[in-house]
Amino acid sequence: MDHGVEVPGCASVASDNIAVIVQTVYCFRAADDGGAGRSSACDVLRESLAKVLVHYYPLAGRLAISDDGKLVVDCTGDGAVFVEAEADCAMADIGDVTDPDPSVLGRLVYSVPGAKNILEMPLLAAQVTKFKCGGFVLGLAINHCMFDGVGAMQFVNSWGETARGLPLSLPPALDRAVLRARDPPQVDFPHHEFTQITDDDADDGEDEEDSESPLLHRSFRFTPASIARLKAAVGVLEEGRRACTTFEALAGFVWSARTRALGMRPSRRSKLLFAVDGRPRFSPPLPAGYFGNAIVLTSAACPAGELASSLPRAVRLVRGAAAAVTDVYMRSAVDYFEATRAGPSLASTLLITACRTG
């Protein structure tokens, strides 16, 4: 196929802004068959990937730039990349994969040698790494501009169904015109997610964006008991209203804790960005199996001192930001990006993503 498929902007996060490679790994323990299963599993994965790409054919293309400067998928049929690798150790030797170590996990996902930019990378690369213990790891590298987390899991589930010889329970809906900007664009909201924070006290020492310190990766686990305590600390936000959700409580808590840890001055504004799944919020809702990005960035902001002193205040702001995401808001955000080609500002900002695994 030699035609192109436009990758339109999706609400306040346009696909042009998220053309980054997202890496995930799936670990499979050894079967009780002397290691024979991993070889057959590898063959099944490769063959079923070829079959499922018939339905998800844009993933077999390559990114290009259109005449008007937008990202498009050139459906060249070059194909996805599938790589087999062998590790000279047992899977247990790589450590706890739930506590990410990028230097280790990065070797389980294929990277194109010598690629200079995103246009030279495949939209999908899969690497199967076989271990001496008989287990194996499937590492995926997918360009985020093709779909969000919900869409990615729909693809992985479809691949799994194909591998088991089953028909797709949710075929992809490939028409992205449903999120095309209006002509002319109609911006009805201020869209603070793009607002640059430029307080007078910008030199107050809170300069994490320019820091040369190495990044440290840590995982923090919240048990049902700790989440219950957190919700109890928040209390009832408004009389007669529902209690806060787990996401509201955790987002407000992390936002508040990070703001305190950075030592922001009380008057310095701190911003929170988080993604909302727009599929059920559009009117009418997007078609089932929508193949693409339907996430919408929404934001909340307030002086750092208010976050440090009041967890309910932070959670209340999170709830308000989520409630603001309506059909008219999302249509306005699509048009805002079309008119400005702006990207979300990350100055003095925490970006949170809630992952769905099924």
Side-chain angles (χ1 to χ4, degrees), residues 20-30 89-109 129 131 133 135-142 144 148-150 152-153 156-157 160 208 211 213-235 237 242-264 270-277 295 297-298 300 304 307-319 321-322 346 349-358:
V20 296
I21 302 299
V22 178
Q23 299 180 337
T24 54
V25 294
Y26 301 85
C27 301
F28 300 86
R29 295 188 181 92
C89 64
M91 190 185 300
D93 295 333
I94 67 175
D96 183 4
V97 296
T98 64
D99 187 6
D101 181 348
S103 64
V104 174
L105 298 185
R107 299 171 65 183
L108 301 174
V109 183
T129 304
F131 290 83
C133 61
F136 67 93
V137 171
L138 171 63
L140 296 181
I142 302 177
H144 200 334
D148 53 26
V150 174
M153 289 312 305
V156 171
N157 290 336
E208 73 275 16
S211 173
S213 300
L215 291 176
L216 299 179
H217 295 80
R218 296 289 185 270
S219 294
F220 299 92
R221 299 179 183 179
F222 291 84
T223 65
S226 62
I227 292 174
R229 290 195 299 271
L230 193 57
K231 290 182 177 181
V234 174
L237 298 178
R242 60 173 173 80
C244 67
T245 66
T246 297
F247 175 79
E248 290 169 347
L250 285 175
F253 174 72
V254 173
W255 183 23
S256 177
R258 176 182 181 271
T259 300
R260 291 196 305 272
L262 289 174
M264 290 185 179
S270 177
K271 186 170 69 174
L272 173 71
L273 285 177
F274 61 92
V276 175
D277 181 12
I295 55 174
L297 275 187
T298 186
L307 292 177
S309 61
S310 175
L311 177 59
R313 167 70 167 152
V315 173
R316 193 177 293 112
L317 288 170
V318 173
R319 173 175 290 185
L346 297 180
T349 298
L350 169 64
L351 174 61
I352 288 182
T353 297
C355 297
R356 288 177 55 177
T357 57

Nearest-0.5 Å distance, [atom1] of residue [X] to [atom2] of residue [Y]:
X	Y	atom1	atom2	result
Lys271	Leu350	NZ	CG	11.5 Å
Cys27	Leu108	SG	CG	7.5 Å
Phe253	Phe222	CZ	CZ	5.0 Å
Thr246	Leu230	OG1	CG	9.0 Å
Arg313	Leu311	CZ	CG	12.5 Å
Ser270	Leu262	OG	CG	7.5 Å

(request) I would like to know whether Val137 and Phe131 meet side-chain contact (heavy atoms from CB on, under 4.5 Å); could you show each step before the answer? (result) CA-CA 8 Å; Val137 171; Phe131 290 83; 3.5 Å; yes
(request) Without swapping roles, check the side chain of Thr298 against the backbone of Ala321 for a donor-acceptor pair under 3.5 Å. (result) yes
(request) Spell out, as yes or no, whether a donor-acceptor pair under 3.5 Å connects the side chain of Asn157 to the backbone of Met153. (result) yes
Mind checking whether [X] and [Y] have side chains closer than 4.5 Å, heavy atoms only?
X	Y	value
Leu272	Leu317	no
Thr24	Ile142	no
Val254	Phe220	no

(message) Does either side chain, that of Ser226 or that of Thr223, offer a donor lying less than 3.5 Å from an acceptor on the other one?
(response) yes
(message) Please determine whether side-chain contact (heavy atoms from CB on, under 4.5 Å) holds for the pair Leu140 and Val156, giving the CA-CA distance in whole Å, both sets of side-chain angles, and the decisive distance to 0.1 Å.
(response) CA-CA 10 Å; Leu140 296 181; Val156 171; 4.0 Å; yes
(request) With Glu248 as reference, evaluate Arg316, Arg319, Lys231 under the side-chain contact (heavy atoms from CB on, under 4.5 Å) test and give the passing residue. (result) Arg319
(request) For a side-chain contact (heavy atoms from CB on, under 4.5 Å) with Trp255, tell me which candidate from Leu273, Leu307, Leu250 qualifies. (result) Leu307
(request) Please test Val109 against Val25 for side-chain contact (heavy atoms from CB on, under 4.5 Å), starting from the C-alpha separation and ending with a verdict. (result) CA-CA 7 Å; Val109 183; Val25 294; 3.8 Å; yes
(request) Give a yes or no on whether Arg260 atom CZ has more than 12 heavy-atom contacts from other residues, nucleotides or ligands under 6.0 Å away. (result) yes
